[in-house]
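Step one of this worksheet: look at the structure below.
We're numbering straight along the sequence, starting at 1.
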Amino acid sequence: IAQRLLEKARSLSQAEEYRKAIEILRPTLTAQSTETHINLLCACLIKIEDFNETIRVLKKVDKTTGLTDTQLRLLGSSLTQLSLCDEAQSAFSRILEIDKNPRALQDCALNLLRMGKADEARAILKTALARFPDDSRLMLQEGLLGLKFGIDEVSRKNYFQRHLINKTEPLPASLAPLWWDSELSGKHILLWGEQGIGDELIFFLVLKILTQANVTCSIACEGRLVSL
C-alpha cells in the first residue's frame, strides 16, 4: 500500500471514521503488507466489532509470516469477544513465549478467569507482580480478584491502585473506616461514589442487598443523582 494511502487511512481512523479506513486498507492487503498496515486494519475492524473478520485476517497472516506479539494480542482479544476462550488462551500463551510483558500476562489471567480458572488466573497475576512489582494495572487486577475470591492484606493494598489509575480521591480515613467483610446488621454504612455517573448507577444495585441486611445507608453521590 502506498504510504499516502496508509497515512489517509490512519487519519480516518484517528477521526473515528473506521469504515472508511477499512475501505482503503482491506482491498490493498497482500502477503507483502507491512505490520503497520495489518495492525491498523485489525484495530479498525475491532472498533466496529467485526471480530470474525479480524480473526480471518490475522489467521491468514499467521499462515504466511507469523504474528507479532501485538497481532497475537489483537487475535486473542477478538477470540475472547466471541467467547472462544480456549483459542484465545493459545494466542495469549504464544505472546508469553515472545515476551512476558505485563499486559500479556494480564490478558492471559483475565482469559483464564473467563474460563472459570480463578486460581490459575490469580497465580499468573502473582507471578507477574513478582516480576513487575510497580505495575498499577496488575496490582489492581489482583486486588479485584482478591475481593471476589478471597481478600488478604496484599489484595487489599493492590485494590487501592484504582485511585492511581482512575485519578480519583480515596475516601478520607477520618470520615469513616473502610468496610470489608465484618457483620453490618444494625449499623450505619456510607456509600462513597468515586467513579463516573454510569458506574454509580450500576453499583446502586447493592442498595437492595444492604437494605435486606438491616443496614442504615447514607449515600455520597454525583449531584445529578441526588433526586433519585
Side-chain angles (χ1 to χ4, degrees), residues 35 39-40 42-43 46-47 49 51 54-55 58 62 66-173 177-181 191-200 202-203 205-206:
E35 181 182 343
N39 292 358
L40 183 57
C42 290
I46 288 173
K47 285 292 186 180
E49 299 186 358
F51 303 114
T54 306
I55 293 166
L58 289 171
D62 198 18
L67 298 177
T68 65
D69 56 344
T70 298
Q71 290 164 352
L72 283 167
R73 192 176 186 198
L74 292 170
L75 177 60
S77 298
S78 298
L79 289 163
T80 297
Q81 290 294 328
L82 298 179
S83 298
L84 300 171
C85 294
D86 288 332
E87 287 188 63
Q89 195 61 26
S90 176
F92 292 136
S93 296
R94 285 174 63 187
I95 300 175
L96 298 181
E97 292 173 5
I98 299 171
D99 177 21
K100 287 184 171 61
N101 64 75
R103 298 290 71 79
L105 289 160
Q106 181 175 320
D107 287 341
C108 191
L110 290 175
N111 191 61
L112 284 168
L113 186 60
R114 294 185 189 97
M115 297 168 70
K117 300 179 179 180
D119 289 341
E120 291 183 40
R122 291 191 76 179
I124 284 182
L125 287 172
K126 288 183 182 296
T127 299
L129 282 168
R131 184 167 183 174
F132 305 102
D134 299 322
D135 191 284
S136 294
R137 293 191 179 277
L138 284 175
M139 294 168 76
L140 173 58
Q141 199 59 59
E142 196 284 325
L144 289 170
L145 284 185
L147 286 179
K148 186 171 184 178
F149 297 106
I151 196 72
D152 56 28
E153 288 303 318
V154 173
S155 295
R156 291 184 188 188
K157 178 183 176 182
N158 287 338
Y159 177 65
F160 285 106
Q161 292 301 308
R162 72 192 192 283
H163 294 300
L164 296 177
I165 295 171
N166 298 325
K167 296 180 173 60
T168 56
E169 291 295 326
L171 176 70
L178 285 172
W179 173 76
W180 291 102
D181 55 5
L191 300 183
W192 175 269
E194 62 179 30
Q195 305 291 336
I197 191 169
D199 289 318
E200 288 192 28
I202 291 171
F203 285 106
L205 293 172
V206 305

For a side-chain hydrogen bond (donor to acceptor under 3.5 Å, both in side chains) with E142, tell me which candidate from R137, K126, K157 qualifies.
-> K126

Grab the two heavy atoms, one from [X] and one from [Y], that are nearest each other, plus how far apart they are.
X    : Y    : result
P133 : M139 : O-SD, 3.6 Å
K100 : L105 : O-CD1, 3.9 Å
A121 : L113 : CB-N, 4.1 Å
L58  : L75  : CD1-N, 3.5 Å

Would a 4.5 Å heavy-atom cut-off, applied to side chains only, mark [X] and [Y] as touching?
X    : Y    : answer
D119 : F149 : no
D86  : M115 : yes
D135 : R103 : yes
Q81  : I55  : no

Which one of L145, L138, L129, L144 satisfies the side-chain contact (heavy atoms from CB on, under 4.5 Å) criterion with N158?
-> L129

Euclidean distance, [Y] [atom2] relative to [X] [atom1], rounded to 0.5 Å:
X    : Y    : atom1 : atom2 : answer
R73  : D107 : CZ    : CG    : 4.0 Å
R122 : K148 : CZ    : NZ    : 12.0 Å
E120 : C108 : CD    : SG    : 9.0 Å
I95  : T70  : CD1   : OG1   : 8.0 Å
L67  : R94  : CG    : CZ    : 5.5 Å

Who pairs with D69 by salt bridge (charged side-chain N to carboxylate O under 4.0 Å, His left out), at least two apart in sequence or on another chain?
-> none

Side chain to side chain contact (heavy atoms under 4.5 Å, CB included) between I98 and L72: does it pass, once the steps are laid out?
-> CA-CA 10 Å; I98 299 171; L72 283 167; 3.8 Å; yes

Side-chain (N111) to main-chain (C85) donor-acceptor, under 3.5 angstrom = yes

Taking Q71 for its side chain and T68 for its backbone only, find out whether a donor-acceptor pair lies under 3.5 Å.
-> yes

What do the steps show when you test T80 against F92 for side chain to side chain contact (heavy atoms under 4.5 Å, CB included), and what is the final call?
-> CA-CA 11 Å; T80 297; F92 292 136; 3.9 Å; yes

Below 4.0 angstrom, N of the basic side chain to O of the carboxylate: do E153 and R156 qualify?
-> yes

Tell me, please, which residues at least two apart from D152 pass side chain to side chain donor-acceptor pair (under 3.5 Å).
-> S155

